[in-house]
Amino acid sequence: MSRALILMYHIVDEPRAPIERKYCCTPQRFAEQMRWLRDSGRPLVGLDDIVGRLDSGAPFEEGAVAVTFDDGFQATVRNALPVLQRHGVPATMFLLTDRFGASNDWMEGRGFPRRRILTPEDARALLEAGVTLGSHTRTHPRLPEVDDRRVDDEVLGSKAALEERIGRAVDHFAYPFGQFDERARDAARRAGYRTACSTRSGFNRADTDRYALRRIEIFGSDSLAAFRRKLRYGVNDPSVMVPVRYYASRVAGRLGMG
């Protein structure tokens with residue numbers, strides 16, 4: 001079966017408040033996960049590899065995994081980049097073009113502690129290290145809740161702004177909060193992105209909409225066993241009941257009960 005998984009991280013750091021625990025993968029856990037990926041024998045690919053196969057119609061390498069990060073937290077750059085380099089893991093970082101060197105102000109109203117967003121110098125260091133940079137809009141709005149002009153400015157405008165800053169094409173986009181509607185999807189297509197990532201869980205196959213690619217969110221609470229279950233079954237739910245439900249559904253399908 002030809003399919004690929006895309007993993008999604010937010011912050012690689014120790015949580016600074018209880019509300020962050022879901023979104024903070026500690027440096028120790030992240031290193032453990034990347035080491036397991038390297039040793040697992042799974043093909044470790046970038047989004048460019050995935051879109052190249054979508055373009056050509058070539059099947060995905062079985063078990064292929066891509067790693068992505070949303071928002072561009074400075075702590076993530078500091079803690080994740082050395083691990084990625086050490087284990088040879090390709091990665092994509094989705095950036096907010098109007099937040100370089102600023103803070104996560106879109107989160108502070110919900111009680112999250114203030115965190116620094118990477119600087120232009122950090123972005124250049126990522127490029128030099130081989131990390132792919134993608135757009136995550138200008139300011140992290142909920143795209144289905146803003147008007148048409150704002151959708152275009154956030155989706156198309158962020159691509160132009162990021163390309164001007166880094167001096168190369170920006171081919172990949174991620175919807176803030178994973179939320180999108182037909183307007184946002186159409187804007188991503190018109191902007192010239194080759195992919196757009198959602199937060200819908202599941203595997204990506206040859207017929208997956210390239211402007212609604214699926215991703216598996218890695219939580220700070222995920223043990224290595226939970227991480228491995230997420231990759232095996234393509235789900236965000238890492239509970240031990242996942243294999244039971246998975247095999248029960250397969251048996252039901254074979255018996256004509258599904």
Side-chain angles (χ1 to χ4, degrees), residues 1-10 12 25 29-72 76-77 79-95 123 125-136 159 162 166 168-175 178 188 192-218 222 224 227-236:
M1 188 180 299
S2 174
R3 59 191 188 181
L5 277 177
I6 303 174
L7 308 185
M8 175 180 62
Y9 292 86
H10 283 92
V12 178
C25 182
R29 279 197 165 169
F30 182 74
E32 183 180 47
Q33 291 165 2
M34 294 303 103
R35 183 170 57 250
W36 183 84
L37 277 180
R38 179 202 64 193
D39 294 344
S40 71
R42 288 171 171 263
L44 304 180
V45 302
L47 291 186
D48 287 341
D49 299 305
I50 288 177
V51 76
R53 289 178 182 269
L54 290 173
D55 285 345
S56 68
F60 294 123
E61 295 181 85
E62 182 54 36
V65 177
V67 174
T68 67
F69 302 88
D70 283 7
D71 304 329
T76 299
V77 177
N79 293 319
L81 184 56
V83 177
L84 296 169
Q85 291 178 308
R86 182 162 63 249
H87 297 304
V89 179
T92 299
M93 177 79 76
F94 292 109
L95 306 178
L126 287 172
L127 283 174
E128 291 171 1
V131 175
T132 299
L133 300 185
S135 172
H136 200 35
K159 185 179 194 294
L162 186 55
I166 68 175
R168 63 183 69 182
V170 173
D171 291 330
H172 308 290
F173 180 76
Y175 302 105
Y193 295 108
R194 299 176 70 197
T195 68
C197 291
S198 73
T199 56
R200 295 173 178 173
S201 63
F203 294 98
N204 294 287
R205 298 178 172 83
D207 59 352
T208 301
D209 183 351
R210 68 175 63 209
Y211 294 106
L213 291 181
R214 297 176 177 272
R215 290 193 292 174
I216 304 301
E217 186 168 5
I218 306 303
D222 289 340
L224 184 59
F227 177 80
R228 293 173 63 179
R229 280 195 294 274
K230 285 187 169 188
L231 269 67
R232 182 170 183 179
Y233 299 106
V235 294
N236 284 335

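Note that the structure is predicted; figures quoted are calculated from it, not measured.
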- prompt: Mind checking whether Phe94 and His136 have parallel, tilted or perpendicular rings, split at 30° and 60°?
  reply: tilted
Is the backbone of [Y] close enough, under 3.5 Å, to the side chain of [X] for a donor and an acceptor to pair up by distance?
X      : Y      : result
Asp71  : His10  : no
Thr92  : Leu133 : no
Arg214 : Ser201 : yes
Thr76  : Val12  : yes
Arg53  : Ala58  : no

- prompt: For atom CZ of Arg210, is the number of surrounding heavy atoms from other residues, nucleotides or ligands below 6.0 Å larger than 12?
  reply: yes
Side chains of [X] and [Y]: closer than 4.5 Å at any heavy-atom pair?
X      : Y      : result
Ile50  : Thr195 : no
Asp48  : His172 : yes
Leu127 : Arg168 : yes
Val77  : Met93  : yes

- prompt: Any idea which heavy atoms bring Pro43 and Glu61 closest together, and the distance?
  reply: CG-CB, 3.6 Å
query: Looking only at heavy atoms, what is the nearest atom pair of Ala212 and Ser198, with distance?
result: O-OG, 4.0 Å
- prompt: What's the verdict on side-chain contact (heavy atoms from CB on, under 4.5 Å) for Val65 and Leu231, showing C-alpha distance, side-chain angles and the deciding distance?
  reply: CA-CA 9 Å; Val65 177; Leu231 269 67; 4.2 Å; yes
Got a second to check how far [X]'s [atom1] is from [Y]'s [atom2], nearest 0.5 Å?
X      : Y      : atom1 : atom2 : answer
Asp171 : Tyr193 : CG    : OH    : 10.0 Å
Leu5   : Asn204 : CG    : CG    : 7.5 Å
Leu224 : Arg35  : CG    : CZ    : 8.5 Å

task: Please test Leu54 against Phe60 for side-chain contact (heavy atoms from CB on, under 4.5 Å), starting from the C-alpha separation and ending with a verdict.
output: CA-CA 9 Å; Leu54 290 173; Phe60 294 123; 3.9 Å; yes
Only distances under 3.5 Å count here; give the side-chain donor-acceptor pairs of residues 81-90 to other protein atoms, sequence neighbours excluded, each with its distance to 0.1 Å.
| residue | atom | partner | partner atom | Å |
| --- | --- | --- | --- | --- |
| His87 | ND1 | Arg38 | NH1 | 2.8 |

- request: Given side-chain contact (heavy atoms from CB on, under 4.5 Å), test Leu7 with Leu37 step by step and report yes or no.
  value: CA-CA 11 Å; Leu7 308 185; Leu37 277 180; 4.3 Å; yes
- request: Using a strict 4.0 Å threshold on nitrogen-to-oxygen distance, state whether Asp70 and Arg215 make a salt bridge.
  value: yes
Full working for side-chain contact (heavy atoms from CB on, under 4.5 Å) between Asn79 and Phe30: CA-CA 9 Å; Asn79 293 319; Phe30 182 74; over 6 Å; no
message: The criterion is side chain to side chain contact (heavy atoms under 4.5 Å, CB included); which residues satisfy it with Ala196, sequence neighbours excluded?
response: Phe173, Tyr175, Ala188, Tyr211
